[in-house]
Structure formats: C-alpha cells, structure tokens
Amino acid sequence: MKEIKNIFLKKIDSTNKYAKENLSSFDPKNITCITADFQTMGKGRFDRKWISSKGKNLLTTFYFRLSPSPKNIGSLSLLACLSICKCLEKENLHPKVKWPNDIQLNEKKLGGVLCEAVFSKTYVDIILGIGVNINTTKEELSIIDQPATSLFVLTNNTWDRDKLLADLQKEFAQNLEVFERNGFSAFVSEFDKLLAYKDKTLHFYDGENIFKGHIDSITEDGSLRFYIATTKEIKTFHSGEIVSVE
Ligand code: BTN
C-alpha cells in the first residue's frame with residue numbers, strides 16, 4: 001500500500017494549485033496529501049469557486065502517480081467519493097453520491113471532489129482535491145450558491161477534522177491499491193448503492209446538450225449510462241453533471 005506524506009498549510013490559494021506547482025518535489029511512489037486550514041481561491045469543477053470558512057472544512061488534495069494511466073481518469077473522483085462515504089458510514093451517517101463528484105446528505109451538498117491530471121507518455125500524475133463541509137455553521141453555508149450542509153449542521157456536534165482526514169487517507173489508500181490492480185470495476189456494485197437520484201427523472205448536461213431521462217447504471221470504468229427519454233436510447237457519459245431533478 002502507498003504511504004501517506006502529509007503537508008499542512010495554514011492558508012493557501014488552492015491546495016490543488018499548490019500540488020500542481022510543486023509536483024516535481026513530491027514522491028511519485030507514494031501519496032502526498034496537502035491540507036489547508038483555509039483557501040483564498042478554492043476551485044470547484046467547471047472553474048467554479050469553492051467557498052470555505054477558516055479552519056472549519058476539510059480542504060485537501062491527494063497527489064499520486066499512476067502507471068499506466070487508467071482508461072477513465074474520472075473514475076478516481078468516484079473512488080474518492082466512495083472513500084469519503086465509507087468513512088461517514090462508520091460514523092452512522094448515510095451519504096449519497098450525485099454522479100460524478102458530489103457528496104450529499106439530506107439531498108444537500110456536503111462535499112465535492114475535483115480530479116485533475118497531468119499526463120506523460122507512460123504515466124499520469126493525479127491531483128485529487130477534496131472539500132468537505134465539517135464544522136461550518138448554517139450562516140456560513142448560506143453564502144454558497146446551492147443547498148449545502150455540514151457535519152456540524154446535521155449532527156449538532158463539532159467534528160475532529162484531523163481524525164476524519166486520517167480515516168479518509170487510510171480508506172483511500174486501501175481503495176487505490178485495489179483500483180491499481182483491478183480498475184474501478186471492483187467498486188461498481190458498492191458505488192451503485194450510493195448513487196443519488198436513481199429512480200428520478202433528471203436533466204443531465206454533458207457540456208453541450210441537456211438530456212432529460214434517468215440513470216440506467218454505472219459502467220465498469222465509472223462512466224454513467226443514462227436513458228434518454230426523447231430518443232429512448234441509453235448513452236454513456238464520461239463527464240457532465242446532473243443539473244436538475246423533477
Ligand atoms: C466541486 O464540487 O466542484 C469540487 C470541489 C473541490 C474542492 C476542493 S477543496 C480542496 C481542493 N482545492 C481546491 O481548490 N479544490 C479542491
């Protein structure tokens with residue numbers, strides 16, 4: 001199993017950006033985990049802002065190298081989501097994943113994953129950013145532009161970020177070992193149980209078009225098979241997002 005090397009920062013623009021800028025100084029055989037107390041320019045998918053309050057969230061980036069490169073890099077987001085969910089389940093919570101990268105509790109966003117990659121001929125460097133709202137208050141969450149929640153709001157308890165981080169590191173490193181041997185296929189059935197909106201009519205945006213329909217299943221490489229109501233066909237998507245639920 002890969003070892004974890006921790007880097008803790010008080011304040012940084014973005015842990016993903018820091019990881020990309022410092023890639024060459026990290027050990028590619030292990031996992032470097034960069035965690036910050038606060039980000040001034042946290043980044044979400046599609047260049048959205050990731051807003052967080054000082055010292056109250058899990059803001060972390062896992063850097064590691066994969067060789068050869070997996071077929072679908074996006075499945076690493078799913079692997080991170082699955083690892084987070086498993087840690088929360090141990091705490092008696094029942095999170096769901098809004099494919100491909102949102103962690104939800106009570107249908108509100110608790111966290112998200114941003115997977116970036118730097119490709120070389122024989123390997124790929126993965127920069128896997130994870131943000132989870134931990135001790136954020138209702139007032140602090142209200143400035144987020146979508147329904148969001150935190151572990152504190154849900155449970156009325158203050159959570160230990162460092163313990164959650166240590167649990168997540170262990171869980172993720174174990175899962176990554178399986179992933180490197182067998183790919184995402186080993187996780188499909190487990191992931192399927194965590195999928196949000198499985199029997200709902202949805203609108204899915206693939207970056208070009210919006211499709212109305214419902215989730216059919218997850219493929220062996222973590223892609224989404226989506227039934228399109230108008231054409232009655234199933235299309236496979238490697239990326240995109242669920243934009244609304246009927
Ligand atoms: C999303 O839901 O769009 C993904 C959010 C990912 C946020 C995390 S916080 C730590 C890491 N650093 C960043 O700038 N972004 C990710």
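Start at 1 and go down the list; that is how both ligands and their atoms are numbered. Just so it is clear, the structure is predicted and the values come from calculations on it, not from any experiment.
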**Q** Quick check: do Ser14 and Trp50 have side-chain heavy atoms less than 4.5 Å from each other?
**A** no
**Q** Distance to 0.1 Å, residue and atom name: give those for the protein heavy atom nearest to atom 3 (O) of ligand 1.
**A** Arg45 N, 2.7 Å
**Q** Could you tell me if any non-hydrogen atom of Lys109 lies under 4.0 Å from any atom of ligand 1?
**A** yes
**Q** Considering non-hydrogen atoms of the protein only, which is the closest contact for atom 5 (C) of ligand 1, and what is the distance?
**A** Trp50 CE3, 3.4 Å
**Q** Just how far is it from atom CD of Gln169 to atom NZ of Lys5, taken to the nearest 0.5 Å?
**A** 13.0 Å
**Q** Against heavy atoms of Val113, which atoms of ligand 1 measure under 4.0 Å?
**A** 4 (C)
**Q** Report yes or no: is the cationic atom of Lys11 (NZ for Lys, CZ for Arg) closer than 6.0 Å to the six-membered ring centre of Phe38, at no more than 45° off its axis?
**A** no
**Q** Under 3.5 Å between some N or O of ligand 1 and some N or O of Thr60?
**A** no
**Q** So, does Arg48 sit close enough to ligand 1 that a heavy atom of it is under 4.0 Å from the ligand?
**A** no
**Q** State whether Glu177 and Lys2 are salt-bridged, where the test is any N-O pair (Lys NZ or Arg NE/NH1/NH2 against Asp/Glu carboxylate O) under 4.0 Å.
**A** no
**Q** Considering only heavy atoms of Gly42, which atoms of ligand 1 have at least one such atom less than 4.0 Å away?
**A** 14 (O)
**Q** Taking Leu79 as the starting point, is it possible to reach Phe64 by hopping between hydrophobic residues whose side chains are less than 4.5 Å apart?
**A** yes
**Q** Describe, in one word, how the ring planes of His214 and Tyr227 are oriented to each other, choosing from parallel (under 30°), tilted (30 to 60°) and perpendicular (over 60°).
**A** parallel
**Q** Which option, Lys98, Gln146, Lys43, owns the non-hydrogen atom nearest atom 16 (C) of ligand 1?
**A** Lys43
**Q** Charged N to carboxylate O under 4.0 angstrom, Lys96 versus Glu107?
**A** no
**Q** List ligand 1 atoms under 4.0 Å from Thr15, heavy atoms only on the residue side.
**A** 10 (C), 11 (C), 12 (N)
**Q** For the residue pair Phe237 and Phe204, does the interplanar ring angle fall in the parallel (under 30°), tilted (30 to 60°) or perpendicular (over 60°) class?
**A** tilted
**Q** With atoms numbered from 1 as shown, which atoms in ligand 1 lie under 4.0 angstrom from a non-hydrogen atom of Gly44?
**A** 1 (C), 3 (O), 4 (C), 5 (C)
**Q** Which atoms of ligand 1 sit under 4.0 Å from any heavy atom of Asn101?
**A** 1 (C), 2 (O), 3 (O), 4 (C)
